[in-house]
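The structure appears below as structure tokens.
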Amino acid sequence: MSVLDAPVSAAAPVAPTTGLTPVFVRLKLALLRNGLRQSTGRKAAFIASLVVSLLLAAGQVLGLVLLRGNEHAGTVVVLLTGVVALGWAVLPLFFPSGDDTLDPTRLVMLPLRPEPLIRALLVSSMIGIGPLFTLCLVVGSAIALAHGAAGVVFGVLAVPLTMLLCVALSRAVATANVRLLNSRKGRDLAVLSGLVIAVGIQFVNFGAQRLGQAGGLSTLDPAASVVRWLPGASAVASVDAASDGAYGAAVGQLLITVGALVALMWMWQRSLVKLMTAPDGSTLAAAEPTREKASGRGGLSALLPEGRTATVMQRSLRYVARDPKTKAAWVTALAVGAIVPLLNALQGTGSVYFACFAAGMLGMQMYNQFGQDTSAFWMVALTISSPRDAYVELRARALVLLLLTLPFTLLVCGVTAAMIGDWRSLPGALGLSFALLGSMLATGAVASALFPYSIPQEGAFKNVVPGQGGLAWISIFGGMLAAGLLSAPVIVPVIWMHVTDHHDALWLMVPGGLVYGALIGWAGLRIAAGRTANRLPEILAAVSKG
């Protein structure tokens, strides 16, 4: 009997379809696992970042538990939870986070329904170091406030609701803005947004310092009374209300969180449907293309040295002027580097040495020099055949940084000294700034060769590809720690001159810091040149991931 003659009842049953949520969870775990398998260094970096995050989370939980029973515990916990929720809404757009499973634009061509897709994205977003850290803070907050059976019941409800709200808020904001952020204009707008965040953080620091002068935590009570009725903190605030016997207020605050979560899920679904069905016109040309005129060496180009140095410097300056992510990093560094010393000077409690923060912020731009080239680094790698070629490449990039940083450092130091009226300490601050800048040039060049990582071009809210986040943190913060240690030969004499009241000799630190910074920077570039020439294949593989 042929197959066509077989009865219909004999057909094999269809296998049940696997749910979408387990698939996304396994996909995220597989991406994380495969990323860690690529190199031992990446695995070590991830483990180190995980350990540091867990230690910080454990410290936070311990602090919150010790706060239990304090009369201001509710105020501190409510405001802390509100800040955490705000961070989930804003920080993922501009700082390293997320992975490709959370980018809905990669799923447009797949036959997926919105409801199961949202559930899968929501659950997979719970996997990671950030969610684990947030969970520890929320659990610690609930423990600090829960008293009695009612408080415990509301605490058990508040913890998952707060976590779901934070993740849903983050994903809804990212989905609603993903096309804008992926466009060229959107990435330029991210520069302004990142600047607003950086400035806002400094004003928070300013407020915290003023709080210490104003008489303690009681001054935060009016702010907490408002924040406790906002969705990000209302669930945790309900624990405090239930513990005090205010059951009506507790139920109301819990319902605010539930209502906000439902609204966010609905907005997220609408944005997701629009994203996956509507045509994308965000990158259409708004005007006729213009033909750029060929120009010879003129303007700044005429002032640069001939040869490879001029070419590399012009390329790096174009990155600063045109690449949205490089531009965002520079604008943020310039803003924060000026705000920290000037705000402290306005308070009347600052020091001229706070101006060294400007050199530190700008010196961070030396780290991961090859990552900003992304996959285009192969063209640079083709021109490097010896440590000499690598040295000229790194030296030119360092010269660009010095071209922008030295005038800015001099300006910030001078303005800070004028605002405080402490001109005697200005030479010491300048010497320290020069030494710190040279040390960061050295450690940044070495870190760029030993710990390169890729900066993805798609998604303005991602600055590190999945699996390289720990590597990026170790590269930057390890290099900054090393730069601080390398600056000790200048830091120690400055401290000694202040302690022994030899302020008249501080002027020696200007040439001393300048010479020392130049020597340590030159030595770092030499060391990094050899490492770069020997590790070109590894560097190319690392920076091409995006």
Side-chain angles (χ1 to χ4, degrees), residues 41 45 305 308-317 319-320 326 329-330 333 359-374 376-377 380-381 383-406 409 433-455 464 468 471-490 513-543:
R308 182 186 184 114
T309 299
T311 303
V312 175
M313 291 183 68
Q314 290 183 61
R315 184 182 69 227
S316 298
L317 289 172
Y319 278 149
V320 175
T326 305
W330 272 97
M361 288 298 300
L362 295 176
M364 289 176 61
Q365 307 309 310
M366 189 64 189
Y367 293 86
N368 197 34
Q369 276 293 306
F370 307 125
Q372 65 182 356
D373 297 341
T374 62
F377 179 69
V380 178
T383 65
I384 298 177
S385 58
S386 65
R388 173 63 185 175
D389 294 334
Y391 171 74
V392 176
E393 175 76 23
L394 287 168
R395 184 187 62 186
R397 296 180 184 230
L399 287 175
V400 169
L401 190 142
L402 292 174
L403 181 67
L404 301 173
T405 301
L406 284 177
T409 301
S433 296
F434 295 149
L436 179 61
L437 185 57
S439 300
M440 296 193 77
L441 287 179
T443 57
V446 174
S448 297
L450 298 181
F451 305 106
Y453 57 90
S454 179
I455 302 176
V464 182
Q468 292 186 341
L471 192 67
W473 285 106
I474 286 184
S475 171
I476 295 174
F477 286 101
M480 291 173 62
L481 178 61
L485 295 175
L486 290 176
S487 303
V490 177
L514 190 61
V515 171
Y516 179 79
L519 289 176
I520 198 70
W522 171 81
L525 292 176
R526 283 292 184 185
I527 295 172
R531 303 296 189 275
T532 301
N534 295 331
R535 301 187 72 251
L536 276 179
E538 292 86 350
I539 296 174
L540 182 59
V543 303

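Numbers here simply count residues along the sequence, with the first being 1.
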### Message
Please tell me whether Arg397 and Ser448 have a donor and an acceptor in their side chains that are separated by less than 3.5 angstrom.
### Response
no

### Query
So which heavy atom on Tyr391 is nearest to which on Leu525, and how close?
CE1-CB, 3.9 Å

### Within residues 524-533 or reaching into it, pairs that qualify as salt bridge (charged side-chain N to carboxylate O under 4.0 Å, His left out) - sequence neighbours excluded
none

### Task
Only counting residues at least two apart or in another chain, list the ones meeting side chain to side chain contact (heavy atoms under 4.5 Å, CB included) with Ser487.
Leu436, Ser439, Ile491

### Query
side-chain contact (heavy atoms from CB on, under 4.5 Å) between Thr309 and Val392: does it pass, once the steps are laid out?
CA-CA 7 Å; Thr309 299; Val392 176; 3.8 Å; yes

### Message
Checking Leu485 now: which residues fulfil side chain to side chain contact (heavy atoms under 4.5 Å, CB included) with it, not counting sequence neighbours?
### Response
none

### Message
Taking atom OH as the centre, does Tyr367 end up with more than 12 heavy-atom neighbours from other residues, nucleotides or ligands that are less than 6.0 angstrom away?
### Response
yes

### Nearest non-hydrogen partners of Ala533 and Pro387, listed with the distance
CB-N, 3.8 Å

### Query
So how far is it from Phe377 CZ to Gln369 CD, rounded to the nearest 0.5 Å?
10.5 Å

### Summary
By side-chain hydrogen bond (donor to acceptor under 3.5 Å, both in side chains), Arg535 pairs with (sequence neighbours left out) none

### Summary
Val400 meets the side chain to side chain contact (heavy atoms under 4.5 Å, CB included) criterion, sequence neighbours left out, with Met313, Ser316, Leu317

### Summary
Nearest heavy-atom contact between Ala442 and Gly524 is CB-CA, 3.6 Å

### Query
Do you know which two heavy atoms are closest between Ser433 and Ala359, and how far apart they sit?
O-CB, 3.8 Å

#### Entry: Any donor-acceptor N/O pair, Asp373 side chain to Val380 backbone, under 3.5 Å
no

### Message
To the nearest 0.5 Å, what is the distance between CG on Leu399 and CG on Leu404?
### Response
11.0 Å

### Which residues share a side chain to side chain contact (heavy atoms under 4.5 Å, CB included) with Thr532, sequence neighbours left out
Phe370, Ala390, Leu394, Ala449, Leu536, Ile539

### Message
I'd like to check Leu402 versus Leu441 (side-chain heavy atoms, cut-off strictly below 4.5 Å). Are they in contact?
### Response
yes

### Query
Do Phe434 and Val490 come close enough that some side-chain heavy atom pair is under 4.5 Å?
no

## Note on the structure
One should read off an interatomic distance between Asp389 CG and Ile384 CD1, to the nearest 0.5 angstrom, of 7.0 Å

### Message
Just verifying a value: how many Å separate Glu393 CD and Arg308 CZ, rounded to the nearest 0.5 Å?
### Response
4.5 Å

### Query
Could you go step by step and tell me if Leu437 and Leu401 meet the side-chain contact (heavy atoms from CB on, under 4.5 Å) rule?
CA-CA 10 Å; Leu437 185 57; Leu401 190 142; 3.8 Å; yes

### Message
Show the nearest heavy-atom pair for residues Gly363 and Met440, with the distance to one decimal.
### Response
C-CE, 3.8 Å

